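In what follows, a structure is listed as structure tokens, so that the remarks can point back to it.
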Amino acid sequence: MTEIDTAPFASDAEMEESVRPLVNEILERFNQEGVSPSQAGLVILGLTYRLMEVMRDAPEARRFFVLTLINLINNYLAEEMNNPGTCVAAGKEEGT
């Protein structure tokens, strides 16, 4: 990852479609390796940190990424507030 593409996608759907194959590949790898949800979360946090370091010289792209991440988390929390118990309980692994 040496270049930072700061051009946004035309739509969220376009962005989702472009990254879906990579996301599916990563999730399949997690399944093959027997990675638990909490371990997968730590991998995602590590990747997020690394990406933010790479984006250090692109403050606008970094800001956009952080705002998108915050929006994702806010939407998740809002859904949990509207439908208590539908999101995975804090501190519990699936299947345990």
Side-chain angles (χ1 to χ4, degrees):
M1 181 182 299
T2 57
E3 247 180 71
I4 298 173
D5 182 7
T6 58
F9 289 91
S11 68
D12 288 344
E14 182 181 314
M15 191 249 336
E16 287 174 15
E17 195 59 37
S18 74
V19 300
R20 185 182 321 269
L22 181 58
V23 169
N24 289 340
E25 185 178 319
I26 291 168
L27 292 175
E28 179 61 30
R29 175 76 185 269
F30 284 175
N31 286 334
Q32 290 172 354
E33 301 280 331
V35 174
S36 71
S38 62
Q39 291 169 323
L42 289 175
V43 170
I44 299 305
L45 287 175
L47 289 170
T48 301
Y49 179 81
R50 178 68 180 117
L51 176 61
M52 291 177 63
E53 287 293 308
V54 168
M55 296 171 76
R56 182 176 302 240
D57 294 331
E60 197 61 36
R62 186 175 174 169
R63 195 171 303 117
F64 177 79
F65 173 75
V66 169
L67 290 173
T68 302
L69 182 61
I70 290 169
N71 190 44
L72 173 78
I73 293 167
N74 283 338
N75 288 340
Y76 177 87
L77 293 174
E79 183 178 332
E80 176 62 22
M81 288 178 64
N82 290 330
N83 302 301
T86 59
C87 298
V88 177
K92 294 186 179 181
E93 296 287 325
E94 290 181 17
T96 58

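Quantities reported herein were computed from a predicted structural model and do not represent experimental measurements.
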Margin query: Please check this pair: side chain of Asn82 against backbone of Ala78, looking for a donor-acceptor N/O pair closer than 3.5 Å.
Written below: yes
Item checked: side-chain contact (heavy atoms from CB on, under 4.5 Å) partners of Thr48, counting only residues at least two apart -> Ile44, Met52, Phe65, Leu69
Note to self: Applying side-chain contact (heavy atoms from CB on, under 4.5 Å), can you list everything that pairs with Ile70, at least two apart in sequence or on another chain?
What the structure shows: Val66, Asn74
Notebook entry, point to check: At their closest point, which heavy atom of Arg56 faces which heavy atom of Arg62, and how far apart are they?
Noted result: CA-NH1, 3.7 Å
Would you tabulate the side-chain donor-acceptor contacts of residues 19-27 under 3.5 Å, counting partners in other chains and residues two or more places apart, or write 'none'?
from: Asn24; atom 1: ND2; to: Arg20; atom 2: O; distance (Å): 3.4

Notebook entry, point to check: Taking the side chain as C-beta and beyond, is there a heavy-atom pair between Leu47 and Leu51 under 4.5 Å?
Noted result: no
Check: Are Leu67 and Phe64 joined in one hydrophobic group, where the rule is that I, L, V, M, F, W and Y side chains link up if heavy atoms are under 4.5 Å apart?
Finding: no
